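Structure record follows, encoded as structure tokens.
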Amino acid sequence: MKKEKRIKRDEKILRKFIEVYCRENHLKKGVEEYKDGLCKECYDLLQYSLNKLYNCPLDPKPQCKHCKVHCYAPSKRKKIKEVMKYSGIWFIKHGRLDWVFHYFF
Ligand code: SF4
Ligand SMILES: [Zn+2]
């Protein structure tokens, strides 16, 4: 797969996973939406992750979970892992196994 195409696909996955996590854990519990269907915290996490994705120093870029560099700050890495795990399970329960194969943290 071409690099730009891979990045676009990863972007889509990040958005999907963070969206589900935010909807189920924040918006449904009364946290105010900030932008693009996300609360402020999740919107910031998405921007942070997209910034890392687009500026990854590795070429070809591995999946982040297999990366030796780990450019994420520890707190952000912990958070994105939590998001990926939660939404991965959510997708399995909702019959969207196709998304889970992309699980990259
Ligand atoms: S964690 Fe590794 S693969 Fe992921 S964006 Fe950072 S340097 Fe690239
Ligand atoms: Zn949120």
Side-chain angles (χ1 to χ4, degrees):
M1 201 189 282
K2 285 250 291 285
K3 194 180 168 194
E4 301 87 77
K5 226 177 143 189
R6 225 174 35 229
I7 288 182
K8 283 281 166 214
R9 186 204 57 191
D10 284 358
E11 175 174 349
K12 200 167 148 196
I13 293 158
L14 269 174
R15 286 186 187 278
K16 279 252 174 218
F17 275 68
I18 296 179
E19 231 172 75
V20 164
Y21 179 88
C22 186
R23 189 180 68 221
E24 299 299 316
N25 293 289
H26 301 150
L27 302 184
K28 279 188 180 174
K29 295 188 176 153
V31 179
E32 204 182 322
E33 181 182 336
Y34 174 72
K35 217 171 173 181
D36 298 344
L38 299 173
C39 75
K40 176 86 171 78
E41 186 194 344
C42 293
Y43 183 81
D44 289 348
L45 181 67
L46 176 64
Q47 298 314 311
Y48 182 89
S49 306
L50 289 179
N51 185 32
K52 294 295 188 194
L53 173 63
Y54 279 92
N55 295 297
C56 177
L58 305 177
D59 191 14
K61 178 185 170 301
Q63 286 192 310
C64 295
K65 70 177 171 194
H66 296 135
C67 174
K68 300 265 185 294
V69 176
H70 286 309
C71 64
Y72 280 57
S75 65
K76 293 281 198 270
R77 192 170 166 219
K78 192 166 164 247
K79 190 74 210 180
I80 195 77
K81 272 176 132 169
E82 185 188 322
V83 168
M84 287 290 155
K85 190 170 169 205
Y86 178 90
S87 298
I89 292 168
W90 193 92
F91 284 125
I92 290 172
K93 282 192 192 146
H94 291 80
R96 293 302 310 261
L97 272 175
D98 48 335
W99 282 108
V100 178
F101 292 118
H102 302 301
Y103 206 89
F104 54 48
F105 265 88

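Nothing here was measured: the structure is a model prediction, and the numbers come from that model. One-based numbering, in listed order, for ligands and for the atoms of each.
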* Number the atoms of ligand 1 from 1 as they appear, then name those within less than 4.0 Å of a heavy atom of Pro57, with their elements. => 7 (S)
* Asked: Short list, please: which atoms of ligand 1 are under 4.0 Å from a heavy atom of Lys52?
  -> 5 (S)
Kindly list each side-chain donor-acceptor pair under 3.5 angstrom involving residues 35-42, sequence neighbours excluded, with atom names and distances?
{"residue": "Lys40", "atom": "NZ", "partner": "Asp44", "partner atom": "OD1", "Å": "3.2"}
{"residue": "Lys40", "atom": "NZ", "partner": "Asp44", "partner atom": "OD2", "Å": "2.9"}
{"residue": "Glu41", "atom": "OE2", "partner": "Lys79", "partner atom": "NZ", "Å": "3.4"}

* Nearest to atom 8 (Fe) of ligand 1 by heavy atom, Ser49, Cys56, Cys64: which? -> Cys56
* Rounded to the nearest 0.5 Å, how far apart are CZ of Arg6 and CD of Gln63? -> 10.0 Å
* In terms of side-chain geometry, is the basic nitrogen of Lys8 or Glu11 positioned less than 4.0 Å from the acidic oxygen of its partner? -> yes
* Asked: Looking at Cys71, which atoms of ligand 1 are within less than 4.0 Å of one of its heavy atoms?
  -> 1 (S), 5 (S), 6 (Fe), 7 (S)
* Asked: Does any N or O in the side chain of Tyr72 come within less than 3.5 Å of the main-chain N or O of Cys64, such that one atom is a donor and the other an acceptor?
  -> no
* Which of the numbered atoms in ligand 1 are below 4.0 angstrom from a heavy atom of Cys67? -> 1 (S), 2 (Fe), 3 (S), 7 (S)
Please list every donor-acceptor pair under 3.5 Å in which a side-chain atom of residues 89-96 meets a protein atom from a residue at least two apart or in another chain.
{"residue": "His94", "atom": "ND1", "partner": "Trp90", "partner atom": "O", "Å": "2.7"}
{"residue": "Arg96", "atom": "NE", "partner": "Asp98", "partner atom": "OD1", "Å": "3.1"}
{"residue": "Arg96", "atom": "NH2", "partner": "Asp98", "partner atom": "OD2", "Å": "2.9"}

